[in-house]
Amino acid sequence: MPEAKKEIKSIAVLTSGGDSPGMNCAIRSVVRTAISEGLDVYGIKRGYSGLLEGAIEKMDASSVGNIMQRGGTMLQTSRCKEFHEAETRKEAANILRRKAIDALVVIGGNGSYQGAALLNEEHGIPVVGIPGTIDNDISGTDYTVGFDTAVQTAVEAVDKIRDTAHSHARTFIVEVMGRKSPAIALHVGVCTGAENVVFPSKDVDYDEIISDIKRGAKRGKNSSIVVVAEGEVPGLAYNIQENLYQKHKLKSHVCILGHIQRGGRPSPIDRFLSSRMGFEAVKGLVEGNYPSATAYRKGEVELVPLKECLGKKTEHMPQAYQLVKTLSI
Ligand code: F6P
């Protein structure tokens, strides 16, 4: 018979990895749902780094007042390399036990989920993940918290760039975020009518970019937009600009959107998604449904086994690239 899960009386929440708009709504939802369930709830500052430093504070309903419209994360965040070490995770589990914290909600991306899974596997800490990253690259969920806002921010920026592109008859190469993920680039490409999108996992095809731009020019279009996911090192757009000139004598302008995509007021979709997810995460802990993660699938938020959400998404709207090409003729 499987061992009965122990009753959870006290939980903690942390945000980890890159911040994303909507994380604050998720924190608010976790804190207030936990209070409604009669649990004690703690906020851990600066992700796993803060956990190791014991930066843990009791929260009440007012601790999360007036935050849902704000970007970033009130708990702050970090990328904690030390958490890759088994000894460090042991120390983290001990800190949680010493503080009488029974369970943990981790809001973050792939690395954060890995840390949570190991805390559970090695030390039996009940964990639930909430997918928080602008990259939309977590397996098992159709959307992550922050993606919608980041795409909206980038689309608004490209719309503005398009005004200048048209007025001056220019080609712009716009670099968006996504070290490994093509999701923002492909969505922005579709939503702004870009001529071409460059993204990780697909080699840059200069001949194709040129022929896409020329096709538009042939029917009288005087400007064009190429959207580029930054890839491993931000600044890839400059490389592409240089190559387009060297290979085809095409002059272009570069605009790198950078971290403005990570900040700002979360969109209503991100607010709703994160509020739903925070609620389900706490319910999951109370009902013994862990280790798990909240996921948005086919229009509903559900709890799924955490192992289904470990690892990056490999496929992103396979039809999106085709859509960009078809609609920009
Ligand atoms: O949060 C995800 C992400 O924005 C990636 O798209 C990007 O490549 C990376 O984080 C950059 O993160 P940072 O500037 O925090 O190192």
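These values consider heavy atoms only, across backbone and side chains, with no hydrogens, waters or symmetry-generated copies. Remember, it's 1-based here, ligands and their atoms both numbered in the order they're listed.
Between the side chain of Asp212 and the main chain of Asn196, no donor-acceptor pair closer than 3.5 Å is present. Checked by atom type and distance alone, the side chain of Arg89 never pairs as donor or acceptor with a backbone atom of Asn120 at under 3.5 Å.
Contact residues of ligand 1 (protein heavy atom closer than 4.0 angstrom to a ligand atom; sorted by chain and number): Gly18, Arg79, Ile134, Asp135, Met177, Gly178, Arg179, Glu230, His259, Arg262.
For residues 53-72, no pair satisfies ring pair (Phe, Tyr, Trp, His ring centres under 6.0 Å), with sequence neighbours left out. For residues 220-262, every residue pair satisfying the ring pair (Phe, Tyr, Trp, His ring centres under 6.0 Å) rule, not counting sequence neighbours, is listed here: Phe172-His253.
If you run side-chain contact (heavy atoms from CB on, under 4.5 Å) between Met23 and each of Asp270, Ile107, Thr133, only Ile107 comes through.
Every residue meeting the side-chain hydrogen bond (donor to acceptor under 3.5 Å, both in side chains) condition with Glu37, not counting sequence neighbours, appears here in chain and number order: Lys283.
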